[in-house]
Amino acid sequence: MSNTTVLDARDLWCSYGTGETAISVIRGASLKVSRGEVVAVTGPSGSGKSTLLHALGLLDRPEGGTVTVCGRNGWSMGGSARAALRNRSIGFVFQFHHLLEEFTLLENVAMPCLISGMGAKEARERAERLLERVGLSHRMSHFPSRVSGGEGQRTALARALVMEPDMVLADEPTGNLDGGNSNQVQDLMMELAAEGGRSFVMATHSRELASAAHRRLRLESGVLLEDCDGNDT
Amino acid sequence: MRKSFALQLSLRQIWSRANSTVVRLVSVLSMAGIAIGVASLVILQAFMGGFTEAIAQGLSRINPPLHVFAPGGETMDDFDLGAVQAVAGSVEGITSVVGIVERPAIVSGAPGTVSGAVVRGAGDNDSVILGRDLALELGVGPGDEIRIASAAGAEISGTGRVMVDTIAALTVDSVGDFGLAEYNGSLVQVPLETARGIFRMGSGLTAAGGYVSPGTDPVRAAEELDARLYADYSGGGWSTYMSCLPFLAFHGNLFRALGLERTAMTIVLAMITVVALLNLSSALSMIAMEHRRDTGVLRAMGLRPWDVFTVSVLRGLILGGTGALGGLVFSLAAVEAVNRFFPVRLDGEVYWIDVLPGVFPAGAALVVTLATVMVCVAVAALSSFQPLKSSPSEALRYE
């Protein structure tokens, strides 16, 4: 872990609905993540963990506050520049693997490279390396419908890392897996974080996953608090 | 984003087996609808155009493209013809002007046969040619004798016999196909002087016919010759205003009626294409909805809004372009098949021609295809607005 700040979110406010029916989900959350740091965000269901991650990942514009990724204010730039920043600097892992069903695992993993404009050969080589790294070299030509949930999630992890981003945002990455697969994905994430000096911000219900993080935060009533006790949600 | 990836993405979102059967079925149906719409329009143009062209060609085959005549149907003479030839010599594209005598007559051939006919003598013809069907009716062929009498001087006697002024006996040189059933059943072509003799016209002419060089527009040439003839007349150079019309103008009402029918049918069939485009629109919306979450995932990976638009337009281009091209190929094959293997027979007495010809309208086909593809792209662009308007996280929440 270094002192370089990869993510700096300040005073984020997010809500759903308008007028009297508006529900404030995130209320003034601030967060700094250093390079190589693994941060777990816990909180009960519906507390706004996914909303926070989407705001941090520049997928959803918060009503207030700023999100700076690698020194660049993500919401002060145009849509195309923001998309390019997401492509280069942020990897996403969702609760469900969300692989594109029409493409093989190899093609799914290579996709961020192709989106960036990288050549097909280089994209393929990178994807092969990462699939080997997550133990799926024998599944490269398989389609997502033919692999297990754990294999799908490992593929999603490989896809999140293929562009060698500065940070990975993982939304309940083990939430849909059984114990064995959950442990496998968790170990893999921690190894990859350590190997590449990559920052991870994970929203999770899992005590094990949260306890493996360098830092734990708790989202309560829309406010982000340091979780010194490591309470399970 | 690499263009090849955008294309691959669009193709897989339409055709992949991972898609629901409904989406693939709707895609196929929308493409088929567009193919049918395009093919209907092109085939209509091919046969309506072919019919009109066959009639025009049939008429032009034995008639000079320009006709000069005296006012009120008065006869002209060789002196008038010389004047017209002199004026026509200065009009670009007119190659020659010949005298024409054309009058109704009564013709008989084998014993017991008689028929009404039109006898035409033109300056450039030196043989006796009988229309195919008329020869059949008269029971004569090349080398046989026919007798022609002017219908103008014919009278019916008290005993019911037809009394004619002059009877000319001629030997048939050949039997011809004049291109139109109307002419095949009634026309007798003879040398100009023979026609003058039959009708006792001396040096008279019923009209003058002008020929134009290949590529010359007869309408323009007729207008120019007519303007010069009028200028000659109004300038005092000539005592009679001999006017000129393109020959097809004598059948203007027929061609206008055919044109109107063609336009009306084109509008009706264009509606089929519009319905097919509406179907395409719903298919594209369905594909976009089916891949809404995927679009969110791709945007999370860095796909730009412009790329989402490109993929959406490509989907429309693939479906619409394939459908339109399919329709184009089908129409070409259909026109060729009808021309070669399944000719449409017509009653020549009614339609003037015996077989309906299909002429593949390359220009119109190109316009129809391109217009359809362009509308498909526009429809696809419109269907991309919804995914573009929603944020990636909204699409990701959609399950």
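None of these values were measured; they are calculated from a predicted model. All values below come from the heavy atoms of this structure, side chains included, with hydrogens, waters and symmetry mates left out.
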Peer 1: What do you reckon, is CZ of B:F330 surrounded by more than 12 foreign heavy atoms closer than 6.0 Å?
Peer 2: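 No, not enclosed.
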Peer 1: A:M111 versus B:F5: any side-chain heavy-atom pair under 4.5 Å?
Peer 2: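 Yes; the side chains approach each other to less than 4.5 Å.
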Peer 1: Looking at A:E107 and B:R12, is there a salt bridge between them, counting it only when a charged N and a carboxylate O are closer than 4.0 Å?
Peer 2: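 Yes, B:R12 and A:E107 are salt-bridged.
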Peer 1: Over all heavy atoms of both residues, which pair between B:A300 and A:F94 is shortest? Give the atoms and the distance, please.
Peer 2: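 Minimum heavy-atom contact is CB-CZ, 4.0 Å.
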Peer 1: Just jot down the side-chain hydrogen bond (donor to acceptor under 3.5 Å, both in side chains) partners of A:D171, sequence neighbours excluded, or say none.
Peer 2: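 Here the qualifying residues are A:S50.
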Peer 1: Need one label for A:R159: side chain, backbone, both or neither, based on atoms under 4.5 Å from any heavy atom in chain B.
Peer 2: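 For A:R159, the side chain is the part near chain B, not the backbone.
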Peer 1: Below 4.5 Å, heavy-atom pairs only: which of A:S80, A:G79, A:A83, A:P144 has the largest tally toward chain B?
Peer 2: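 Among A:S80, A:G79, A:A83, A:P144, the one with the most close pairs to chain B is A:A83.
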Peer 1: Where the side chain of B:R304 meets the backbone of A:A84, is there a donor-acceptor pair that is under 3.5 Å apart?
Peer 2: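 Here the side-chain-to-backbone pair does not exist.
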Peer 1: Count the heavy atoms of every other residue, nucleotide or ligand shown that sit under 6.0 Å from CH2 of A:W75, and state whether that count exceeds 12.
Peer 2: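 Buried by this count: over 12 neighbours within 6.0 Å.
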Peer 1: Does any heavy atom of chain B fall under 4.5 Å from the side chain of A:L99, the backbone, both, or neither of them?
Peer 2: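 Backbone only.
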Peer 1: Among B:Q8, B:M301, B:Q13, single out the residue with the greatest number of heavy-atom pairs under 4.5 Å to chain A.
Peer 2: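 Between B:Q8, B:M301, B:Q13, the count favours B:M301.
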Peer 1: Starting at CD of A:E102, measure out to CD1 of B:I14 and round the result to the nearest 0.5 Å.
Peer 2: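 Separation between the atoms: 11.0 Å.
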Peer 1: For B:M374, look at atom CE and say whether over 12 heavy atoms of other residues, nucleotides or ligands are found less than 6.0 Å away.
Peer 2: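 It does not: B:M374 CE has 12 such atoms or fewer within range.
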Peer 1: Sequence neighbours left out, cut at 3.5 Å: what donor-acceptor pairs do the side chains of residues 28-44 of chain B make with other protein atoms?
Peer 2:
unit_1, atom_1, unit_2, atom_2, d
B:S30, OG, B:V26, O, 3.2
B:S30, OG, B:S27, O, 2.8
B:S40, OG, B:I36, O, 2.5

Peer 1: Just to verify, which of B:D294, B:V297, B:L298 counts as forming a side-chain contact (heavy atoms from CB on, under 4.5 Å) with A:H98?
Peer 2: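 Running side-chain contact (heavy atoms from CB on, under 4.5 Å) over B:D294, B:V297, B:L298 with A:H98 returns exactly one hit, B:V297.
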Peer 1: Heavy-atom distance under 4.5 Å to chain B: side chain of A:F103, backbone, both or neither?
Peer 2: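 Its backbone and side chain both get close to chain B.
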Peer 1: Rounded to the nearest 0.5 Å, what separates atom CG in A:L100 from atom NE2 in B:H291?
Peer 2: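 Those atoms lie 7.5 Å apart.
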